[in-house]
Asker: 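Could you have a look at this structure, given as structure tokens, before my questions?
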Amino acid sequence: MIRPNHFYYDLREALGSPKLLIGLVVIGGFFTLYISFQFVYLFVILFAMVIGSRGLIGRRCPKCDRALVESGAEPSKKDAFTIYINWVCPHDGYSEQEATKGDSGLFGVN
């Protein structure tokens with residue numbers, strides 16, 4: 001359910017829901033295997049549109065539905081391969097951290 005004044009935040013969450021993605025895989029598998037293999041192209045385009053939509057919407061504030069801005073990054077104290085990216089809402093000060101795996105070193109040795 002999309003709340004009033006939170007359209008983009010709720011839409012991004014709905015497009016990333018596992019129920020939606022698994023449902024699309026099941027429906028796509030049925031159409032591809034039992035009706036025609038040519039449906040695979042349609043569902044590949046559909047998945048690309050869902051993932052692209054989430055990317056275009058970007059991170060949103062759950063309080064005011066405005067775009068979050070990256071305020072910096074810091075390495076983890078426990079793991080050299082983990083970087084924490086800080087996201088902040090410029091309107092109300094909401095902040096969150098995103099853990100990202102990265103490579104460490106000159107040649108990306110894991």
Asker: Between Arg12 and Arg54, which heavy-atom pair has the shortest distance, and what is it?
Answerer: O-NH1, 2.7 Å
Asker: Tell me whether the rings of Phe37 and Tyr41 are parallel (<30°), tilted (30 to 60°) or perpendicular (>60°).
Answerer: perpendicular
Asker: Any heavy-atom pair between the side chains of Asp79 and Lys101 that's under 4.5 Å?
Answerer: yes
Asker: Looking only at heavy atoms, what is the nearest atom pair of Leu46 and Leu24, with distance?
Answerer: CD2-CD2, 3.6 Å
Asker: Only one of Glu70, Glu98, Glu96 clears side chain to side chain donor-acceptor pair (under 3.5 Å) with Trp87; which?
Answerer: Glu98
Asker: CG of Leu68 to CD1 of Ile85: how many Å apart, nearest 0.5 Å?
Answerer: 12.5 Å
Asker: Taking all non-hydrogen atoms of both residues into account, name the closest pair between Phe47 and Val25 and its distance.
Answerer: CZ-CG2, 3.4 Å
Asker: For the residue pair Ile27 and Phe43, what are the closest heavy atoms and their distance?
Answerer: CG2-CZ, 3.9 Å
Asker: Take atom CD of Glu74 as the centre, draw a 6.0 Å sphere, and report whether it contains more than 12 heavy atoms from other residues, nucleotides or ligands.
Answerer: yes
Asker: Return the CD1 to CG distance between Ile57 and Asp65, rounded to the nearest 0.5 Å.
Answerer: 9.5 Å
Asker: Any idea which heavy atoms bring Leu21 and Gly16 closest together, and the distance?
Answerer: CD1-O, 4.3 Å
Asker: Applying side chain to side chain contact (heavy atoms under 4.5 Å, CB included), run through Phe30 and Ile35 and close with a yes or a no.
Answerer: CA-CA 7 Å; Phe30 174 77; Ile35 296 177; 4.2 Å; yes
Asker: Can you hop from Leu11 to Leu56 via hydrophobic side chains spaced under 4.5 Å?
Answerer: no
Asker: Between Arg66 (side chain) and Cys61 (backbone), is there a donor-acceptor pair under 3.5 Å?
Answerer: no
Asker: Following the transitive rule for hydrophobic clusters with a side-chain heavy-atom cut-off under 4.5 Å over Ile, Leu, Val, Met, Phe, Trp and Tyr, establish whether Tyr8 and Val88 coincide in one cluster.
Answerer: no
Asker: With the side chain counted from C-beta on, respond yes when Arg60 and His6 share a heavy-atom pair under 4.5 Å apart, and no when they do not.
Answerer: no
Asker: Only one of Thr100, Thr82, Ile83 clears side chain to side chain contact (heavy atoms under 4.5 Å, CB included) with Ser76; which?
Answerer: Thr82
Asker: Would you say Val50 ends up clustered with Phe31 if hydrophobic residues are merged whenever their side chains have heavy atoms under 4.5 Å apart, either directly or through other cluster members?
Answerer: yes
Asker: Check whether any side-chain heavy atom of Ser95 lies under 4.5 Å from a side-chain heavy atom of Ser71, and answer yes or no.
Answerer: no
